[in-house]
Amino acid sequence: MSQPDLILAQESEVIISCAFEVLNTLGAGLLEKPYERALAVEFGLRSIPFVQQAKFPVIYKSVNVGDYIPDLIAFDKIVIETKVSDTIEN
């Protein structure tokens, strides 16, 4: 069974590389915000276009029911939400 082509493969590869650099440099055990901020720094160092904490209205049946605020958007196309975990399980 062949794997499907990854959408925005080159951009995704760069983002993953940045995430590994941040994790390898900071190590595990922090809350999400320091990783998000470090990832923003890494994007800046690599001249990756990004925005942090952009705000988007959530509309349900013509009613604004809140806002969606992703951690980062890179390359004006890819939403990045930093997450941490205490353990890795099946």
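Keep in mind that the numbers below use all heavy atoms, side chains included, and drop hydrogens, waters and symmetry copies.
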Do any N or O atoms from the side chain of D71 and from the backbone of T82 form a donor-acceptor pair under 3.5 angstrom?
-> yes

List the atom of A54, the atom of P70, and the distance in Å for their closest heavy-atom pair.
-> O-CD, 3.3 Å

Should I78 and S12 count as side-chain neighbours, where that means a heavy-atom distance under 4.5 Å?
-> yes

Heavy atoms of other groups near D76 CG, more than 12 under 6.0 Å = no

Give a yes or no on whether E81 atom CD has more than 12 heavy-atom contacts from other residues, nucleotides or ligands under 6.0 Å away.
-> yes

Does atom NZ of K55 have more than 12 heavy-atom neighbours, drawn from other residues, nucleotides or ligands, at distances under 6.0 Å?
-> no

Please indicate whether E32 has more than 12 foreign heavy atoms, meaning atoms of other residues, nucleotides or ligands, lying under 6.0 Å from its CD.
-> yes

Closest approach of N64 to P57 (non-hydrogen atoms, all atoms of both residues) | ND2-CB, 3.7 Å

Treating Ile, Leu, Val, Met, Phe, Trp and Tyr as nodes and any side-chain heavy-atom pair under 4.5 angstrom as an edge, say whether F50 and L23 lie in one connected cluster.
-> yes

Please confirm whether the backbone N or O of L30 pairs with a side-chain atom of Y35, one donor and one acceptor, at under 3.5 Å?
-> yes

Is it the case that one hydrophobic cluster holds both L8 and F75, taking links as side-chain heavy atoms less than 4.5 Å apart, direct or via other members?
-> yes

Could you state whether L72 and L26 fall into the same hydrophobic cluster, counting links through intermediate Ile, Leu, Val, Met, Phe, Trp or Tyr residues with side-chain heavy atoms under 4.5 angstrom apart?
-> yes

State which residue, out of L39, V41, L45, fulfils the side chain to side chain contact (heavy atoms under 4.5 Å, CB included) condition with C18.
-> L39

Applying side chain to side chain contact (heavy atoms under 4.5 Å, CB included), run through F43 and I80 and close with a yes or a no.
-> CA-CA 12 Å; F43 285 170; I80 298 131; 3.9 Å; yes

Cluster link V65 to I59, ILVMFWY, side chain under 4.5 Å | no

Go through R37 and Q52 one step at a time and tell me if the side chain to side chain contact (heavy atoms under 4.5 Å, CB included) criterion holds.
-> CA-CA 9 Å; R37 292 178 182 141; Q52 190 171 8; 4.2 Å; yes

Do V79 and Y68 have side chains that get closer than 4.5 Å, going by heavy atoms?
-> yes

Should I48 and V51 be regarded as members of a common hydrophobic cluster, given that ILVMFWY residues are connected when their side-chain heavy atoms come within less than 4.5 Å of each other, either directly or indirectly?
-> no

